[in-house]
> 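Questions regarding the structure given below will be posed in turn.
Both counts, for ligands and for their atoms, begin at 1 and track the order of listing.
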Amino acid sequence: MLIKIPKSWQLSESDATPENIYKERRRFMKGTAAVITGGIAGSLLGRDAFAAWVRGEKLPNVVQSQYTTDEELTPYDDVTQYNNFYEFGTNKGDPYDNALDFKTKPWTVEIAGEVNNPGIYDVEDLLRPHQMEHRIYRHRCVETWSMVVPWVGVTLADIIKRLEPTSRAKYIAFETLHDPKQMPGQNRNVLQWPYVEGLRMDEAMNPLTLLATGVYGEVMPPQNGAPIRLIIPWKYGFKGIKSIVKITFTEKEPPTSWNVSAPREYGFYANVNPEVSHPRWSQAKERRIGSFFKQPTLMFNGYGEDVAHLYSGMDLAKYF
Ligand code: MTE
């Protein structure tokens, strides 16, 4: 892990020329329409009237994180066009095709359960008091592809501390929006909806756990989980729940979507582990998107120094 010199996509809003905004024609047309309608509505109703995502909006006041890898980045188009987001379809290109008009503003997050500061928070109010960071993380899917992604987000632990969980809070549960009108995939029973995920409290408090709201220095596109999604870089990608609307502090281990769907294949922990195979395929190797050759998968996705202590004494073949 090392600190890097800022790249062009890390510059502040005023420094950067959004030259890549209108690269793709379809998005240009849609983006322009959004700016025009948003502009008119925005002047009448205030900024929240900008409901649909427009490419190129830089996130301000972002600093470089100490938790960052210097590996070659996966290009923006791969990060944002090769996705898993079953609410928008099960093919890798479906989220890009179907999520463009997904409304991410205004957006609220309900905080519930064993916590002193429950309530319904505007997502901006949840994030704004905390330092936003650029973090380049390895991103490893259980399907054995991987990427290197420059996320922008806030350390989840900072938010948790402000919300003040009670001493009974041992776990934290997350829930995605349930809105079949906007999310066509929710009209099919491929998973139980809403998508849910969970972490043990010490995993959630680890400084690597990120609540992300951007990629490549820009506001996150819907297909990647806007406006906020979880990133736990030492776990398989399915733990990184997208478009979160509820966070509940619990005493008991919460259910998780993939474990409910296929308990013998997906456990609660889902730590990247080259020695524990998925029942139907090996996890020993991965293919970086853009590379032809496979490479060995690292224990805890290479983050063992920071997280191995969380699992000392645990049988990781049992708690997979
Ligand atoms: N979150 C929700 N709500 N729905 C999903 O289908 N897919 C998961 C995870 N988060 C998923 C989700 C899976 S399987 C992976 S690998 C990652 O999101 C993919 O994140 P990415 O598309 O940003 O690479």
> Using a cut-off of 6.0 Å, state whether more than 12 heavy atoms not belonging to Glu265 lie near its atom CD.
yes
> Return the closest protein heavy atom for atom 4 (N) of ligand 1 as residue, atom name and distance.
Glu87 OE1, 2.8 Å
> Measure the distance from atom 19 (C) of ligand 1 to every protein heavy atom, then report the residue, atom name and distance (to 0.1 Å) of the closest one.
Asn84 O, 3.8 Å
> Do the ring planes of Tyr269 and Tyr319 sit parallel (below 30°), tilted (30 to 60°) or perpendicular (above 60°)?
perpendicular
> Side-chain contact test, heavy atoms from C-beta onward, threshold under 4.5 Å: evaluate it for Trp151 versus Tyr137 and give yes or no.
yes
> Do any N or O atoms from the side chain of Asn273 and from the backbone of Phe320 form a donor-acceptor pair under 3.5 angstrom?
no
> Please determine whether any non-hydrogen atom of Glu197 lies less than 4.0 Å from an atom of ligand 1.
no
> List ligand 1 atoms under 4.0 Å from Asn83, heavy atoms only on the residue side.
21 (P), 22 (O), 23 (O)
> Going through the checks in order, is the side chain to side chain contact (heavy atoms under 4.5 Å, CB included) test met by Thr144 and Gln283?
CA-CA 7 Å; Thr144 75; Gln283 293 292 353; 3.7 Å; yes
> What protein heavy atom sits nearest atom 24 (O) of ligand 1, and how far off is it?
His139 NE2, 2.7 Å
> Counting non-hydrogen protein atoms only, what is the nearest one to atom 1 (N) of ligand 1? Give residue, atom name and distance.
Lys242 N, 3.1 Å
> For the pair Phe249 and Met201, evaluate side chain to side chain contact (heavy atoms under 4.5 Å, CB included) and give the outcome as yes or no after the intermediate values.
CA-CA 9 Å; Phe249 294 84; Met201 193 54 75; 3.5 Å; yes
> Aromatic rings Tyr236 and Phe238: how do their planes relate, parallel, tilted or perpendicular, breaks at 30° and 60°?
parallel
> Within the supplied structure, the quantity of interest is the number of heavy atoms (other residues, nucleotides, ligands) at a distance under 6.0 Å from Lys92 NZ; does it exceed 12?
yes
> Which ligand 1 atoms does Phe85 reach within 4.0 Å, using its non-hydrogen atoms?
2 (C), 3 (N), 4 (N), 5 (C), 6 (O)
> Should you measure from each heavy atom of Asn224, which atoms of ligand 1 turn up under 4.0 Å away?
23 (O)
> Does any N or O of ligand 1 fall below 3.5 Å from an N or O anywhere on Met147, backbone included?
no
> To check your reading of the model: name the closest protein heavy atom to atom 17 (C) of ligand 1, its residue, and the distance in Å.
Gly237 O, 3.4 Å
> Starting from atom 10 (N) of ligand 1, what is the nearest protein heavy atom, named by residue and atom, and what distance separates them?
Gly240 O, 2.8 Å
> Please confirm whether Tyr86 comes within less than 3.5 Å of ligand 1 when only nitrogen or oxygen atoms on both sides are compared.
yes
> With a 4.5 Å limit on heavy-atom distance, are the side chains of Leu59 and Val219 in contact?
yes
> Atoms of ligand 1 less than 4.0 Å from Cys141 heavy atoms?
16 (S)
> Who's the nearest protein heavy-atom neighbour of atom 8 (C) of ligand 1, and how far?
Tyr195 OH, 3.5 Å
> Using non-hydrogen atoms of the residue, decide whether Ser243 is closer than 4.0 angstrom to ligand 1.
no
> What's the spacing between Phe268 CZ and Glu203 CD if we round to 0.5 Å?
6.0 Å
> Does the N or O separation between Thr176 and ligand 1 drop below 3.5 Å for any pair?
yes
> Count the heavy atoms of every other residue, nucleotide or ligand shown that sit under 6.0 Å from CZ of Arg287, and state whether that count exceeds 12.
yes
> Which protein non-hydrogen atom lies closest to atom 20 (O) of ligand 1, naming both residue and atom, and how far is it?
Arg229 NH2, 3.1 Å
